[in-house]
Number of protein chains: 2
Amino acid sequence: MALRHAVLAALLDDEYSGYQLAKAFDIGVANFWHALPQQLYAELTKLEKEGLVTGREVVQETRPNKRLFRVTDAGRAELERFAAAPSKPSFIRDDLLVKVQAADRVGTAAVIEQLEERAAAAAAKSELLAALLRQLRGDADEEEFLRSGERIGPYLTCLRGLAFEREHRDWCLRIAAVLKERRTTRAER
Amino acid sequence: MALRHAVLAALLDDEYSGYQLAKAFDIGVANFWHALPQQLYAELTKLEKEGLVTGREVVQETRPNKRLFRVTDAGRAELERFAAAPSKPSFIRDDLLVKVQAADRVGTAAVIEQLEERAAAAAAKSELLAALLRQLRGDADEEEFLRSGERIGPYLTCLRGLAFEREHRDWCLRIAAVLKERRTTRAER
DNA sequence: TCTGACTAGTCACATTCTTGAGTAGGGAGA
DNA sequence: TCTCCCTACTCAAGAATGTGACTAGTCAGA
């Protein structure tokens, strides 16, 4: 039931089309929720029916028309209610971790490769998020921005995302190194 | 489709009943996958039908009987195949992060409280995982264990879990502090 | 000029996950 | 003795997620 709240939270700052929202769910919003475009379109439709967002058609010349959505007062109230309700614990679900768990009982070559790919992806995402953070805080330094910035919500979740990606990168690299070394050691026996 | 592989990976080391597995999915296995008992029982039944695990009935006197499962060769082969296939990217999904995203547009009091609760939970989980790690590596120190230990898969995923929980705790505490200070500052205006 | 990528969506189906309830005996503590 | 918690599982129903395919015009580069 929280996709709707993730959508509402993402729409707080600005109007977005479903398409733009889908992009946001790939970058900034992905730090706290992940969803495919189809889900977003469906959720926006539902939210509009329930009056939590309103959409307006924007006619475009050279591109397909689009619908821009914004949160209504009822939507804000719903978010308020959600914020006060108890949260479900977060959890990791990761194919790659499953593979690592099995690592010394199945072949490691493919897993090492995937760890290195993942590390590279995490590093790239880190840079992207670091750039996004710089952009969000403008000229101010972080401490000052967090004290007196207008809108810090997205910044805070990006911080979490950045920490996660860096941690993930480090772990992937370390594990890949460990598995590699073990492979060498065993070959020598 | 990866719950099945998480189950297989969790069963690699030992025989477990559905009930025991459910506990493992609350502690160690939770570092890479999360599932409710009902899902596990259902998955074990399916896996048995497909010949990837075998179960044997254990009759108990003072407690209900139970079925212990172990991975078959076909199951190991399936894991092997899975390890070689490309992984889906991991992602976070967290109610609390959604609330933080909305933080300066809705009331923060409840969110601050939840952040502190969550920090405490993450700290507790960290200690639990640290203890589990100590137990897994026995007398050896980490580096040595990772070089020459028999079975390091579970250790490696626990390391990830520990890093995640610590990171999460730190973030929660920091964000709670930031939101608190802003509340004070604004009250003064 | 052809190809592929981008904008902006929609539809239908399948799988997975969550919620809630129920069964049933044993042991521990008030 | 009564109540609650622990072991050990099962069933059903519904909500949430994911997969795959399809439409259709625009624009950039080979």
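Naming convention: chains lettered A, B, ... in sequence-line order (proteins, then strands); numbering from 1 in each chain. Computed from a predicted model, the values in this text were never measured in an experiment.
- At whole-Å resolution of the value, CZ in B:R4 and P in C:dT16 are 8 Å apart.
- Each of B:N65 and A:E61 has a nearest nucleotide on DNA chain D; the 5'-most of these lies closest to B:N65.
- A nucleotide of DNA chain D counts as in contact with chain A when one of its atoms lies under 4.0 Å from a heavy atom; the first and last such, 5' to 3', are D:dA16 to D:dC27.
- Per the geometry, CG belonging to B:L36 stands 10 Å off P belonging to C:dC17, to the nearest Å.
- Residue contacts shown for B:Q38 include a base, since a base heavy atom lies under 4.0 Å away.
- Within a 6.0 Å radius of CD in A:E80, other residues, nucleotides and ligands contribute more than 12 heavy atoms.
- Contact annotation: A:R93 side-chain N/O to C:dC17 OP1/OP2 distance is under 4.0 Å.
- The distance from atom CD of A:Q39 to atom P of C:dC11 is 16 Å, rounded to the nearest whole Å.
- Residues A:C158 and A:L129 approach most closely at SG-CD2, 4.2 Å, considering heavy atoms.
- Applying the 4.5 Å side-chain rule to ILVMFWY residues, one finds A:Y41 in the same cluster as A:Y19.
- Using a 4.5 Å heavy-atom cutoff, the side chains of A:V7 and A:V53 are not in contact.
- When all heavy atoms are compared, the tightest approach of A:G51 to A:T72 is O-OG1, 2.7 Å.
- Rounding to whole angstrom units, CD of residue A:E43 and C1' of C:dT10 are separated by 16 Å.
- A side-chain donor from one of B:S17 and B:Q20 sits under 3.5 Å from a side-chain acceptor of the other.
- Cluster annotation: A:L132 is connected to A:L156 through the hydrophobic network of ILVMFWY side chains, with a link wherever side-chain heavy atoms come within less than 4.5 Å.
- One side chain, A:H168 or A:R118, offers a donor N or O that lies under 3.5 Å from an acceptor on the other.
- In this structure, A:R151 is not positioned above the aromatic face of A:F145 in the sense of NZ or CZ being under 6.0 Å from the six-membered ring centre and within 45° of the axis.
- Annotation: of the two residues near DNA chain D, B:K66 and A:A2, the 5′-most nearest-nucleotide partner is B:K66.
- The stretch residues 14-32 of chain B touches DNA chain D through B:S17, B:G18, B:Y19, B:K23, each having a heavy atom under 4.0 angstrom from the strand.
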